[in-house]
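Working notes for the structure below.
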Amino acid sequence: MSKANIVVVGSSNMDIFCYTDHLPEPGETLIGDRYWMTLGGKGANQAVGARRLGAEVTLVGRVGDDLFGQRMLDNFSSHGMALDHIQVDREAGSGVALILVDKQAENSLVVVPGANMRIAPADVEAAARVLRAADVLLMQLEIPLETIQRAVDIAHEGDTLCVLNPAPARPLPDVILEKVHLLTPNQSEARVLTGIPADTLEDAEAAGQALLDKGVQTVIITLGAQGALIVRPGETTHVEGVSVDAVDTTGAGDAFTAGLAVALAEGKTLEQASRLANLAGALSATKPGAMPSLPTRDEVEAFAGAP
Ligand code: RIB
C-alpha cells in the first residue's frame, strides 16, 4: 500500500478551552473548572490528524509573527511536516479560538481567524506542483473562498481528489460546489448549505441529494453517534456509528475528515473510508481538546479490533 499524500489548505488556531458545568446564557458569567491552551484550527487539526494516521502531509497556511505562530510552526515540525508552504504573516496575528465545553461534552466556539483569512490564491499557486501531485486536497471554511476556488482549480489540473469539509458553515457558490468531488457537512452544516433540516436519515438524504444537484460528486453527511450517510448519484448508504462515552466532541469532525481523506488516498472505498473515519472521530470524542485528541493509526486499529 502506497503512503497517502495529502495537501491541506487551511487554518491554524491557538485554542483556548474553558470547561464549565453548562454553557453560559447571554449575559451570564460562569465560574469554570479549568482552562487549557492548545493548538488547533480545522486545517491544522486535519493535517496533523492525517499525519498521525500515516499520511505524508503538506499544509498550505499562514500564522502570525507572534508567540502563537512560533508554537504552531514548532508543532508542525515536530509532526514531521515541512514548513515550505506556511507563511509567517507580518500584518495579522495568529488565529485564536475560544472554546467552551460543558459537562455533557457540548461546545460553543468563537474563532478570530487573523492570518488565516489572509491565506491567498497566490499561496496555493506557490504550492501548485505539490497540489497537482497529491492524492487528496483537503479544505475547510476558515479561509477565504477565493483561495479555495483557486486550490480546487489547480487540483483539477492533476488527478487530485478535492475534499471540502464545509465547517464552519456558510453558503457556498455553485462554482465551488460543482468542482468538489467530496463534501463532508455535518447535519447543521448541511442545513446551512441547502435549507433542508438534515435531522433524520430521510432529510439528510434529501440534503445530500440537493448538494448533488448543485454539482458535488459525493456527499458524506456526518451524523455524530449515528455514523455517516454517503449520498451519491443513484445510491445512498448509511454507515453505522461507533458508540463511546464522549467527554469533548471538539475536533471529532476533524478526526473524521482526516480519517476519510487518508483512507481514500490509500485507495479504500467510500464505505471502508467512512468506517475508519467513524472510528477516528469517535476516539477523538473520548479525549479533551481538538488536536491533542486526534488518534494515531495504531490507536484506530486497536479500537477497530476491540470487542
Ligand atoms: O474543529 C475544531 C476546531 O475548530 C478547533 O481546533 C478550533 O480552532 C476551530 O477552528
Side-chain angles (χ1 to χ4, degrees), residues 8-19 23 35-53 57 59-64 66 68-69 71-73 75-76 79 86 92-102 105-119 138-145 147-148 163-170 183-190 192 220 222 224 228 246-261 277-278 280-295:
V8 179
V9 180
S11 58
S12 305
N13 293 332
M14 181 59 80
D15 288 350
I16 303 168
F17 281 85
C18 292
Y19 294 90
L23 300 177
Y35 89 98
W36 190 21
M37 218 165 69
T38 152
L39 295 162
K42 293 185 192 302
N45 290 342
Q46 293 178 23
V48 167
R51 189 86 189 105
R52 289 189 185 153
L53 293 171
V57 179
L59 175 66
V60 179
R62 277 185 181 257
V63 302
D66 48 31
F68 289 171
R71 289 260 314 263
M72 291 166 184
L73 296 177
N75 173 59
F76 296 135
H79 280 89
I86 306 174
S94 294
V96 173
L98 190 62
I99 305 175
L100 308 179
V101 182
D102 73 10
E106 290 294 333
N107 64 18
S108 190
L109 281 77
V110 177
V111 177
V112 181
N116 295 308
M117 274 299 166
R118 290 167 49 84
I119 302 174
L138 191 49
M139 296 162 300
Q140 315 74 28
L141 296 182
E142 289 183 330
I143 65 170
L145 287 185
T147 303
I148 291 177
V163 180
L164 177 59
N165 174 222
R170 56 175 147 146
L183 191 73
T184 62
N186 64 19
Q187 288 158 290
S188 67
E189 290 151 4
V192 172
I220 298 188
T222 58
V247 298
D248 181 355
T249 57
T250 321
D254 297 328
F256 179 96
T257 311
L260 196 66
N278 273 340
L283 271 177
S284 154
T286 63
K287 293 187 185 158
M291 196 180 289
S293 74
L294 302 170

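Order of listing sets the numbers, starting from 1, for every ligand and every atom in it. The structure presented is a predicted model; accordingly, all values stated were derived computationally and were not measured.
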Hey, mind stepping through Asp248 and Asn107 against side chain to side chain donor-acceptor pair (under 3.5 Å) and telling me if it holds? CA-CA 8 Å; Asp248 181 355; Asn107 64 18; 4.7 Å; no
Output all residues satisfying side chain to side chain contact (heavy atoms under 4.5 Å, CB included) with Ala44, sequence neighbours left out; order by chain, then residue number. Ser12, Phe76, Met291
What residue pairs, at least two apart or across chains, pass side chain to side chain donor-acceptor pair (under 3.5 Å) with a residue in residues 35-45? Asn45-Asp254
Please tell me if the side chains of Ile16 and Val96 come closer than 4.5 Å, counting only heavy atoms from C-beta onward. yes
Within-4.5 Å side-chain heavy-atom neighbours: Asn13 and Val111: yes
Those residues that, when tested against Arg52, pass salt bridge (charged side-chain N to carboxylate O under 4.0 Å, His left out) (two or more places apart): none
May I have the N/O to N/O pairs between ligand 1 and the protein that fall below 3.5 Å, each with atom names and distance to one decimal?
| from | atom 1 | to | atom 2 | distance (Å) |
| --- | --- | --- | --- | --- |
| ligand 1 | 1 (O) | Lys42 | NZ | 2.7 |
| ligand 1 | 1 (O) | Asp254 | OD2 | 2.7 |
| ligand 1 | 4 (O) | Lys42 | NZ | 3.2 |
| ligand 1 | 6 (O) | Asp15 | OD1 | 3.4 |
| ligand 1 | 6 (O) | Asp15 | OD2 | 2.5 |
| ligand 1 | 6 (O) | Gly41 | N | 3.0 |
| ligand 1 | 6 (O) | Asn45 | ND2 | 3.0 |
| ligand 1 | 8 (O) | Asn13 | ND2 | 3.0 |
| ligand 1 | 8 (O) | Asp15 | OD1 | 2.5 |
| ligand 1 | 8 (O) | Gly41 | N | 2.9 |
| ligand 1 | 10 (O) | Asn13 | ND2 | 3.1 |
| ligand 1 | 10 (O) | Glu142 | OE1 | 3.1 |
| ligand 1 | 10 (O) | Glu142 | OE2 | 2.6 |

